[in-house]
Structures are given as C-alpha cells and as structure tokens.
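Note sheet for the following structure.
Heavy-atom basis, side chains included; hydrogens, waters and symmetry copies ignored. Both counts, for ligands and for their atoms, begin at 1 and track the order of listing. None of the values given here were measured: they were computed from a predicted structure.
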Amino acid sequence: MSPGRRRFEVDDHEAYGRPKRRTRPRTKLRPRYEDAVRGVVVAVDRGRYTCRVATDGGDATTAPPADDDARSVVAVRARSLGRHAIVVGDRVRLTGDVSGRPGTLARIVEVDERTTVLRRTADDDDPVERVIVANADQLVIVTALAEPPPRPRLIDRCLVAAYDAGLDPLLCLTKADLAAPDELLEIYRPLGVPYVVTRYDDDLVTPLRDRLADRVSVLVGHSGVGKSTLVNALVPSAQRATGEVSETTGRGRHTSTQAVMLPLPFGGWIVDTPGIRSFGLAHVAPEDLIRAFPDLEGIIEDCPRGCTHARTEPECALDEAVAAGTVDPARLDSYRRLLDSRERRAGD
Ligand SMILES: Nc1nc2c(ncn2[C@@H]2O[C@H](COP(=O)(O)OP(=O)(O)OP(=O)(O)O)[C@@H](O)[C@H]2O)c(=O)[nH]1
Ligand SMILES: [Zn+2]
C-alpha cells in the first residue's frame with residue numbers, strides 16, 4: 001500500500017467514523033454486562049422469561065445445576081435486544097434484580113448465539129414460523145407401540161425436522177408391555193436411528209439415562225403416547241400436568257402450548273413441548289435432508305441438474321448407485337420416504 005493511500009484513509013472521516021459510531025454504544029453498555037449473571041431460559045409466558053441461574057454465580061448453562069444449586073429468576077427483555085425472539089433454551093445474560101425473590105424482575109440484556117434452532121413452520125393452526133427451542137442437541141420422538149398405534153408417517157416427519165435442525169433423533173418406544181417393537185424398528189433400521197424401548201411397569205429411567213445425560217433433549221409425541229408419564233419419572237419434581245406454566249410464572253392455571261425446560265437429576269435437560277405433535281416442513285429442501293445422509297450426499301453430485309432425487313426422476317444417480325450395488329436399496333427407500341413425508345397430509 002502506498003503512503004499516499006494510507007494517508008487518505010486516515011484522513012477519510014467518513015470511513016474512519018463509521019466503525020467508531022458502531023462501537024460506542026457497546027462500550028457504554030459494557031459496565032452493565034460485567035455484573036450480568038448467566039442463565040438459561042426455561043419457560044416463556046407473555047413477555048416474562050423464567051431463567052435458571054446458578055446460585056454460586058457459576059454457569060447454569062453449560063453445567064445444568066441440581067435443584068439446590070440453582071434458582072429461578074423471572075425476567076423481561078431489555079429494549080436494546082429489539083424484536084429478536086427469545087425462546088426456551090436460549091442462553092442469556094441477566095442484570096437488575098437477579099435474586100429470584102417473589103415479585104422481582106430481572107432484565108435479559110444479551111442472548112448468546114444459538115448452536116441449533118428447532119422451528120415449526122407455518123401450518124393451518126399457526127401461520128407464523130416460530131423458533132420453539134434453541135440450543136437443543138437431541139429430538140426424542142416418543143411413540144407408543146400400541147394404544148395409540150404407532151404412526152410411522154408422523155415419526156418420519158419428526159425425523160426430517162430433527163435432521164433439518166441439526167438435532168440427533170432418538171426413538172423412544174413406549175408401552176412395550178402392550179406390543180413388541182420389532183416391526184416398527186425394522187422400518188427405521190436402514191436409517192440407523194437410535195432407539196430405547198420403555199414400559200411403565202418397569203424402570204422408565206434406566207433405558208433413557210445414558211441417552212439423556214448431559215444433553216438438551218426435546219420430547220415430542222402425540223397425545224396419549226405416555227410422554228407425561230416419562231417426564232414425571234425422569235423429573236420427579238415435575239409431578240404435575242406438564243402443560244401448566246403456572247408453577248414457573250405464578251400467573252394462574254392455563255394450559256400452555258409453550259415448551260418448558262426441566263433439569264434432569266442426573267445432568268442435562270429435557271424440554272417438554274405440549275401441543276407440538278408435528279412440524280411444518282415446507283421449508284425443508286432435498287439438499288437440507290441429504291446432509292443427514294452422508295453416504296448419499298456424494299452420489300448426488302452426479303445427478304442431472306435440477307434432479308429432486310424423487311422416485312420419479314428418470315436419471316437420478318441414486319438409482320444408478322443402487323443398480324451398481326454401492327447403495328442399499330432400503331437406505332435409498334428410506335431417504336425417499338422421508339422426502340415424501342414433507343408434504344402434509346390429513347392426519348399429520
Ligand atoms: N400400558 C401402558 N400404558 C402406559 C404406559 N405409559 C403410559 N401409559 C398410559 O397411557 C396413558 C397416557 O399417558 P400420558 O403419560 O398421560 O401420555 P401423554 O403422552 O402425556 O398424553 P397427553 O397427556 O394426552 O399429552 C395413561 O393412561 C398412562 O397411564 C406404558 O408403558 N404402558
Ligand atoms: Zn438425483
């Protein structure tokens with residue numbers, strides 16, 4: 001760079017002034033953030049955010065503390081955060097009255113960047129796309145083996161949502177006292193989806209413990225599959241209808257469709273999502289889904305332009321790979337079944 005050019009830059013008030021203006025508000029706010037405590041949002045209700053904060057000033061977000069080591073703090077959001085939504089699972093910084101005493105209010109001044117977002121897209125009941133949970137690791141798809149009978153299409157749609165959100169799926173097959181899991185498991189074998197099988201006349205926690213420990217797991221499932229039974233077994237202090245938010249906000253009884261995040265006694269968190277049975281998947285493209293199939297991802301590079309990899313595509317490289325014996329036909333079948341499940345049908 002010539003000296004002349006350098007001088008030009010230094011003298012250029014316009015160019016020099018801009019970054020300064022951008023940093024000024026931040027330095028002004030910094031002193032407030034310094035005494036901010038860290039927390040994780042566990043419930044959201046009409047502009048009030050219930051956050052869990054470690055009592056020792058530690059980080060309640062990375063090492064979820066046991067009941068005795070954490071307190072619940074109700075907070076509002078700082079104006080400076082704009083309209084950006086804050087959801088269950090968000091890791092935040094809080095200032096103001098963070099004592100958690102009844103009637104006090106803290107203020108969320110910062111929201112950490114999210115590692116994952118689980119969203120539901122527009123559907124008939126809810127025209128707005130919403131993030132429902134932030135920073136989850138795992139989507140636990142709770143399905144009864146009988147009463148109600150399993151609905152593989154619904155499971156498929158949940159799997160697509162998990163893959164799209166970057167969450168590891170886990171199949172939790174309940175009511176094993178009523179039916180055997182083999183037939184259902186056969187459907188998911190080519191996908192390699194991990195699973196646990198539970199029954200309520202047996203220990204419910206042990207099969208799930210290793211899968212849930214130290215992770216943030218979101219539970220989804222159709223009504224009646226035994227989700228509340230599982231939640232109550234996993235979090236004994238949650239012995240109430242899990243759809244109520246009155247506990248955390250003190251705002252009277254009403255059934256919520258909001259997610260609620262509960263700390264597990266053995267480490268980690270579960271997020272119960274009453275009212276969320278399935279997901280709008282309109283936003284999921286074939287390219288998004290194939291990322292969950294690393295063995296197929298390389299093959300589609302040989303597809304003709306615009307190939308959707310659907311069954312009806314005449315020259316899809318995935319069919320050629322099956323013909324050549326390099327891809328298991330059941331695996332391709334499963335991928336295409338998931339692709340198809342993105343279309344909403346009656347009963348989804
Ligand atoms: N046979 C059998 N029944 C079970 C099992 N787990 C739960 N149930 C029963 O199934 C019914 C539904 O269980 P819940 O835990 O309320 O199911 P849920 O998924 O929370 O359903 P909603 O409350 O409607 O959302 C209850 O009568 C439970 O007692 C199981 O392992 N075996
Ligand atoms: Zn193709």
Side-chain angles (χ1 to χ4, degrees), residues 139-151 154-155 158 171-181 184 195-208 217-236 238-245 253-260 262 270-278 285-291 293-324 326-327 329 331-340:
L139 187 70
V140 183
I141 305 163
V142 186
T143 305
L145 290 161
E147 296 180 21
R151 295 165 61 182
L154 206 59
I155 300 174
C158 292
L171 274 182
C172 180
L173 306 179
T174 62
K175 310 199 186 186
D177 52 310
L178 301 178
L184 191 64
Y195 63 89
V196 291
V197 179
T198 65
R199 50 191 295 170
Y200 72 172
D201 56 357
D202 201 353
D203 174 9
L204 283 169
V205 178
T206 304
L208 280 161
S217 303
V218 182
L219 269 55
V220 289
H222 198 264
S223 178
V225 296
K227 195 154 61 71
S228 309
T229 305
L230 284 177
V231 169
N232 287 337
L234 289 164
V235 189
Q239 291 294 350
R240 57 188 193 274
T242 44
E244 286 170 26
V245 292
R253 291 169 68 93
H254 76 103
T255 301
S256 172
T257 55
Q258 306 281 354
V260 177
L262 303 163
I270 50 171
V271 181
D272 192 18
T273 57
I276 297 159
R277 294 171 202 97
S278 190
E287 309 84 72
D288 300 329
L289 187 59
I290 202 113
R291 267 187 269 119
F293 293 76
D295 52 326
L296 306 184
E297 203 175 1
I299 297 170
I300 62 165
E301 282 165 21
D302 297 330
C303 285
R305 263 191 71 169
C307 183
T308 61
H309 324 305
R311 269 173 248 280
T312 48
E313 290 284 351
E315 287 174 87
C316 183
L318 293 171
D319 289 307
E320 285 160 27
V322 166
T326 51
V327 165
R331 175 96 173 141
L332 177 56
D333 237 36
S334 296
Y335 167 69
R336 286 182 169 158
R337 197 184 69 230
L338 294 195
L339 262 186
D340 289 345

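By the criterion of a heavy-atom distance under 4.0 Å, neither the backbone nor the side chain of Leu230 is placed next to ligand 1. Counting heavy atoms closer than 4.0 Å to ligand 1, residue Asp177 contributes side-chain atoms (C-beta onward) but none from N, CA, C or O.
Screening Leu234, Val271, Leu219, Val231 against Leu262 for a side chain to side chain contact (heavy atoms under 4.5 Å, CB included) leaves a single residue, Val231. For the side chain to side chain contact (heavy atoms under 4.5 Å, CB included) with Thr273, the lone residue among Leu139, Val218, Val260 that qualifies is Val218.
Ligand 1 lies out of reach of Gly221, whose nearest heavy atom is not under 4.0 Å from it.
Of all the listed residues (Gly226, Ser223, Ser228, Ala176), Ser223 holds the heavy atom that lies closest to atom 24 (O) of ligand 1.
Among heteroatoms of the N, O or S kind in His309, ND1 lies nearest the Zn ion (ligand 2).
Close contacts between ligand 1 and Leu178 involve ligand atoms 1 (N) [criterion: under 4.0 Å to a heavy atom]. Close approach to Lys227 involves these atoms of ligand 1, each under 4.0 Å from a residue heavy atom: 15 (O), 17 (O), 18 (P), 19 (O), 20 (O). Close contacts between ligand 1 and Arg199 involve ligand atoms 31 (O) [criterion: under 4.0 Å to a heavy atom].
At distances below 3.5 Å, not a single donor-acceptor pair connects side-chain atoms of Lys175 with backbone N or O atoms of Val225. At least one donor-acceptor pair under 3.5 Å links the side chain of Asp288 to the backbone N or O of Ala285.
Counting only N and O atoms by type, the side chains of Arg151 and His222 include a donor and acceptor under 3.5 Å apart.
Geometry at the Zn ion (ligand 2): SG/Cys303 and SG/Cys307 form an angle of 110°, nearest 10 degrees.
In this structure, CG on Leu173 lies 8.5 Å from OH on Tyr195, to the nearest 0.5 angstrom.
The residues Asp319 and Arg336 are annotated as salt-bridged, a charged nitrogen and a carboxylate oxygen being separated by less than 4.0 angstrom.
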